[in-house]
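Below is one structure; the comments refer to it alone.
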Protein chains: 2
Amino acid sequence: MAHEHTGEDCLSLVTIFQSLPEKDLAIVADIVSAHHFKAGEFLYQAGDEANALMIVAHGQAKVYQIAANGKEQMLRILQTGEFDGEAALFSNSERTSFAEALMDTDVCQISRGDFQKLMKSSPELAVNMVNAFGQRITQLEQQTTEVTTASVESRLANYLLETSAGLDDARFTLPLKKKDIATYLGTTPETISRKLTKMASDNLLENKGLQVKILDSDGLAMLV
Amino acid sequence: MAHEHTGEDCLSLVTIFQSLPEKDLAIVADIVSAHHFKAGEFLYQAGDEANALMIVAHGQAKVYQIAANGKEQMLRILQTGEFDGEAALFSNSERTSFAEALMDTDVCQISRGDFQKLMKSSPELAVNMVNAFGQRITQLEQQTTEVTTASVESRLANYLLETSAGLDDARFTLPLKKKDIATYLGTTPETISRKLTKMASDNLLENKGLQVKILDSDGLAMLV
DNA sequence: CGGTGCTTTGAGCATGGTCAACTAAAGTGG
DNA sequence: CCACTTTAGTTGACCATGCTCAAAGCACCG
């Protein structure tokens with residue numbers, strides 16, 4: 001099998017397990033179970049029982065909700081080393097979102113029961129979780145604010161700048177399909193397409209397919 | 001002073017302190033400090049150092065952000081027994097939001113250092129925190145989804161139904177000024193005003209000032 | 001090749017934001 | 001208790017943003 005080392009990956013990659021004492025790491029290694037998902041498969045779906053914390057050991061997954069009117073809203077992209085769990089931690093809760101692998105993805109799972117036990121026996125882990133959740137809350141608050149107060153153009157400019165900063169290069173391939181970028185930014189693929197065309201005609205960037213080259217990052221920043 | 005019992009209130013009211021062993025409660029009681037804020041005063045402001053967890057022992061406060069373009073976005077209303085803390089838990093972070101008392105409000109504070117120590121010595125507390133944050137994340141994800149996918153009319157209908165359900169009465173006084181409802185729903189006071197007028201003319205409700213009486217909750221639910 | 005899904009482009013239009021003027025309600029101070 | 005100031009809410013006219021629907025162009029994959 002391709003990813004025999006998945007269990008170790010979870011321990012070494014994931015920030016919530018960092019700085020844990022040896023004894024705790026040993027316990028964690030014991031209770032994680034590894035799963036592999038092919039691109040397009042669901043890690044979970046709305047309505048599933050939320051009974052496990054899921055850690056992406058390798059790969060990428062999109063987490064999104066479907067609103068009453070059928071529209072998708074992207075909540076986040078789970079990258080290698082990140083985890084999804086908030087809902088998994090209370091008893092009797094159902095998933096309200098979907099998590100879909102964007103590429104072949106390895107996932108480590110810890111059941112709710114095991115994880116709750118683990119937190120009680122390892123204060124360091126619990127504190128790490130609180131910190132991780134705290135950061136997620138701050139980020140979600142910003143996402144909410146941005147999505148309701150800023151124009152699509154502004155949000156897109158911001159997204160491009162953040163993406164290029166993360167990749168450390170003015171020339172890059174968009175990490176998501178435009179369709180997904182659209183639901184992430186709370187808009188439609190058509191609008192994304194139009195705004196990119198406009199930005200290109202304003203000489204802010206070049207765009208061919210998913211290839212983007214930022215020409216004028218100051219100009220983009222002006223739009224934010 | 002009117003609220004001598006503030007310290008105890010924090011312990012008894014707040015879910016994160018529930019089901020803690022006696023010894024931990026004693027420690028908590030020791031390290032909380034009580035503050036009083038008059039209506040309109042700020043519990044904290046953007047730019048302040050985020051160095052304490054704040055628990056509302058009695059009263060109500062609104063937490064909101066101001067976007068780059070100057071627009072407000074309401075993030076939440078802190079009710080009696082609720083707390084605000086995510087940002088306070090990492091070192092060297094600044095507040096990114098404002099918290100303003102909506103009425104005379106008693107607040108218990110615990111400093112970051114004390115709280116981190118406390119979590120390490122009390123796994124129960126840390127687990128409670130993780131659960132509380134988890135629920136907050138779920139709620140924020142729903143807020144983000146709703147605000148980007150549903151129409152203002154739908155969001156307002158939903159807000160009214162939730163509010164009346166919480167108060168358990170079809171006839172009630174809006175708990176916020178319409179201005180604040182507007183920023184909470186990510187819209188403007190004008191639009192709130194118009195939509196309420198429309199709903200009234202559709203015989204879904206009666207509305208005079210902040211008094212609302214829901215006449216047709218099924219009809220409202222149809223809008224959601 | 002012939003799908004299947006993604007993207008682009010166009011035309012039309014609905015939603016809701018802006019600005020401005022006015023009314024209503026809620027302090028404030030003599 | 002009444003004028004005065006301030007804040008909140010309402011209403012109208014206008015208009016920009018961005019969504020919808022439809023059609024056509026691409027790209028990747030079996």
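Predicted, not measured: the structure shown is a model, and the values here were computed from it. All chains are named by letter (A, B, ...) in the order of the sequence lines, taking the proteins before the strands, and each is independently numbered beginning at 1.
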Residues of residues 60-71 of chain B with a heavy atom under 4.0 Å from any atom of DNA chain C, listed by number, are B:Lys71
Opening and closing nucleotides of DNA chain C in contact with chain A, under 4.0 Å to non-hydrogen atoms:
C:dC6 to C:dA11
My understanding is that only residues two or more places apart in sequence, or in another chain, count here; which of them pass ring pair (Phe, Tyr, Trp, His ring centres under 6.0 Å) with B:Phe98?
B:Tyr64
Is there a residue in residues 145-157 of chain A whose heavy atoms reach under 4.0 Å of DNA chain D, and which residues are they?
A:Ser151, A:Val152
B:Phe133: what forms a ring pair (Phe, Tyr, Trp, His ring centres under 6.0 Å) with it, not counting sequence neighbours?
none
How close or far is atom P of D:dA16 from atom CD of B:Glu190, stated in whole angstroms?
17 Å
Heavy atom of residues 173-185 of chain B under 4.0 Å from DNA chain D: which residues?
B:Lys177, B:Lys178, B:Lys179
Could you list by number each residue of residues 192-199 of chain A showing a heavy-atom separation from DNA chain C of less than 4.0 Å, or answer none if no residue does?
A:Ser193, A:Arg194, A:Thr197
Do any pairs count as a side-chain hydrogen bond (donor to acceptor under 3.5 Å, both in side chains) and have a residue in residues 192-209 of chain B, sequence neighbours left out, and if so which ones?
B:Glu153-B:Lys198
Name all pairs fulfilling the salt bridge (charged side-chain N to carboxylate O under 4.0 Å, His left out) condition that reach into residues 213-222 of chain B, sequence neighbours left out, sorted by first residue then second.
none
Look at the side-chain N and O atoms of A:Thr191 and state whether any lies under 4.0 Å from the OP1 or OP2 oxygen of D:dC19.
yes
Nucleic acid footprint by protein, nucleotides 24-30 of chain D - heavy-atom cut-off 4.0 Å, B for base, S for sugar-phosphate alone:
-------
Determine to 10° how strongly the helix from C:dC1-D:dG30 to C:dG30-D:dC1 is bent, judged from the axes of its five-pair ends.
50°
Result block: side-chain N/O donor-acceptor pairs under 3.5 angstrom for residues 38-45 of chain A, not counting sequence neighbours:
{"unit_1": "A:Glu41", "atom_1": "OE1", "unit_2": "A:Lys38", "atom_2": "N", "d": "2.7"}
{"unit_1": "A:Tyr44", "atom_1": "OH", "unit_2": "A:Asp84", "atom_2": "OD1", "d": "3.1"}
{"unit_1": "A:Tyr44", "atom_1": "OH", "unit_2": "A:Asp84", "atom_2": "OD2", "d": "3.2"}

